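To keep things clear, I will list the structure first and then write my remarks on it.
Bear in mind the structure is a predicted one, so any value in this text is a computation, not a measurement.
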Amino acid sequence: MYAGSAYSPTMADFMIMRNKTSFMSVASPSLLKAVTYRDVTQEEIGGAELHAKVTGTADFLIETDEEAIEICRELVTYIPLNNEQNPPVVDLGDDPHRSDERLLEIVPPDLSKPYDMHEVLRCIVDNGKFLELQNLFAKSIIIGFARLNGRTVGIVANNPAEANGILSLDTCDKEARFIRWCDAFNVPLIFLVDTPGFLSNTEQEQSREGLIRTTPKPVFAICEATIPKIVVYIGRCFGVARLIMGTLRMGDDIAYSWPSAQVARMNPEKAVEIIYKEEISSSEEPDKLRKDKLTELLKNYINYPYHALEQAMVNDVIDPRDTRPILIKALESLVNKKPPPRPWRKHTLIPQ
């Protein structure tokens with residue numbers, strides 16, 4: 001597809017593209033050659049792999065038509081017929097009270113070491129079944145559909161196995177659109193959180209999209225969403241990263257913390273650099289002083305994981321093994337959640 005006809009599929013709820021045979025771009029290779037005098041192929045400017053990995057336009061990259069049909073069949077089991085209905089409930093026979101010992105082993109004691117959040121997901125959701133969207137795009141964040149006691153839920157999770165779970169321009173776009181889709185079709189959201197924060201560098205800051213323009217998108221989407229929203233802090237989450245993954249003050253309904261979680265309004269290491277900047281810069285042993293001040297800060301003021309509980313950033317610190325039954329019980333308590341009264345307005349203004 002070229003030109004105007006290429007816009008239509010990008011406005012669909014979900015897009016499936018077959019590798020090597022499907023393509024879409026605003027301009028055709030022949031038009032580009034006429035304007036730029038450069039030879040390009042369909043794959044280079046609009047191939048399925050490009051849209052699955054680089055632009056994030058394609059939700060699924062498949063190799064055969066049969067595979068596309070199977071994805072469609074699975075996808076429709078998670079979503080309602082329209083925005084006035086709730087998603088279908090499908091009993092997969094998984095015990096809602098099931099706990100899982102594996103959840104004690106997946107997250108390493110040193111949170112700077114990678115682990116795959118998909119493993120955590122498989123232990124929590126019904127029969128370990130998860131339909132992931134955009135799995136080749138912005139891979140440090142995971143989005144997709146699963147079930148808890150038969151009920152459809154949308155999953156937004158950081159993935160420390162990919163780029164250490166770092167947030168970026170692409171992760172913000174990916175997350176924000178999915179949150180707004182779930183809110184439009186009454187799908188509750190579960191956030192599984194472990195991220196050190198943003199990839200803030202010159203390239204990201206100076207790009208036309210820009211971090212300052214893009215980071216408000218998921219924040220806006222979370223604040224505006226009226227569906228049930230539950231946060232589970234598994235690892236690190238500091239400062240503005242908390243806003244990207246949702247907080248109680250932003251309207252999330254319930255927040256839990258694992259004992260492994262490190263949640264604070266500011267990264268303690270950065271706090272030490274700011275608070276003791278002059279002392280560190282004038283010290284004969286700056287590394288030792290920095291380490292001592294960090295130890296003092298963590299001991300006296302930021303006692304993980306209870307600091308988040310003391311600061312009312314979470315409702316409870318839970319046993320990781322019981323995450324599944326706790327989430328199911330929380331969702332049941334929110335099943336009749338109604339949107340709060342709001343002043344009438346024609347529509348909201350999405351961040352640029």
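Taking the charged nitrogens against the carboxylate oxygens, E70 and R73 do have a contact shorter than 4.0 Å, which makes a salt bridge. Salt-bridge formation is not detected for the pair R180/D183: no Lys NZ or Arg NE/NH1/NH2 atom is positioned less than 4.0 Å from an Asp or Glu carboxylate oxygen. Using a cut-off of 4.0 Å between Lys/Arg side-chain N and Asp/Glu carboxylate O, R290 and E273 are scored as salt-bridged. Note on K288 versus D292: salt bridge recorded, some NZ/NE/NH1/NH2 to OD/OE distance being below 4.0 Å. Contact check on R177 versus D173 returns no salt bridge, with no Lys/Arg side-chain nitrogen under 4.0 Å from an Asp/Glu carboxylate oxygen.
In this structure a side-chain-to-backbone donor-acceptor pair under 3.5 Å is missing from K129 to A146. Between the T152 side chain and the Y78 main chain, a donor and an acceptor come within less than 3.5 Å of each other. The closest donor-acceptor contact from the side chain of D59 to the backbone of Q134 lies at 3.5 Å or more, if one exists at all.
Using a 4.5 Å heavy-atom threshold, the side chains of T171 and E162 count as separate. Using a 4.5 Å heavy-atom cutoff, the side chains of V219 and C172 are not in contact. With contacts defined as side-chain heavy-atom distances shorter than 4.5 Å, the pair I326/Y256 qualifies. Using a 4.5 Å cut-off on side-chain heavy atoms (C-beta onward), F130 and I155 make contact. Residues K337 and D253 meet the side-chain proximity criterion, which asks for heavy atoms closer than 4.5 Å. Q262 is listed as a side-chain neighbour of F238, based on a closest heavy-atom distance under 4.5 Å. Side-chain contact between V107 and S260: present, with at least one pair of heavy atoms (C-beta onward) separated by less than 4.5 Å. Counting heavy atoms from C-beta on, the side chains of I274 and M266 come closer than 4.5 Å.
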Trace of the side chain to side chain contact (heavy atoms under 4.5 Å, CB included) decision for I142 with V156: CA-CA 6 Å; I142 301 166; V156 177; over 6 Å; no
Side chain to side chain contact (heavy atoms under 4.5 Å, CB included) between E332 and N149, worked out: CA-CA 10 Å; E332 288 174 352; N149 199 24; 3.5 Å; yes
Trace of the side chain to side chain contact (heavy atoms under 4.5 Å, CB included) decision for R321 with E101: CA-CA 6 Å; R321 294 170 292 187; E101 295 289 332; 3.4 Å; yes
Pair D100-R324, side chain to side chain contact (heavy atoms under 4.5 Å, CB included): steps then yes or no: CA-CA 8 Å; D100 200 315; R324 171 180 167 81; over 6 Å; no
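Between T21 and F23, the shortest heavy-atom contact is O-CD2, 3.9 Å. Residues G235 and V263 share a closest heavy-atom pair of O-CG2, 4.4 Å.
Counting only residues at least two apart or on different chains, no salt bridge (charged side-chain N to carboxylate O under 4.0 Å, His left out) pair has a member in residues 133-153.
Expressed to the nearest 0.5 Å, how far CG of L192 lies from CG of N158 amounts to 8.5 Å. Between the CD1 atom of I222 and the NZ atom of K217 there is a distance of 14.5 Å, given to the nearest 0.5 Å.
A continuous path of hydrophobic side-chain contacts links F60 to I143 [ILVMFWY only; heavy atoms under 4.5 Å]. Put simply, V120 and L131 are part of two different groups of oily side chains (I, L, V, M, F, W, Y) that touch within less than 4.5 Å, one to the next.
With hydrogens and angles left out, the side-chain atoms of D110 and S112 include a donor and acceptor closer than 3.5 Å. Looking only at atom types and distance, the side chain of Y115 has a donor-acceptor partner in the side chain of D194 under 3.5 Å away. Residues E132 and H118 bring a donor and an acceptor atom of their side chains to less than 3.5 Å of each other.
In this structure, F145 has its ring center under 6.0 Å from that of W181.
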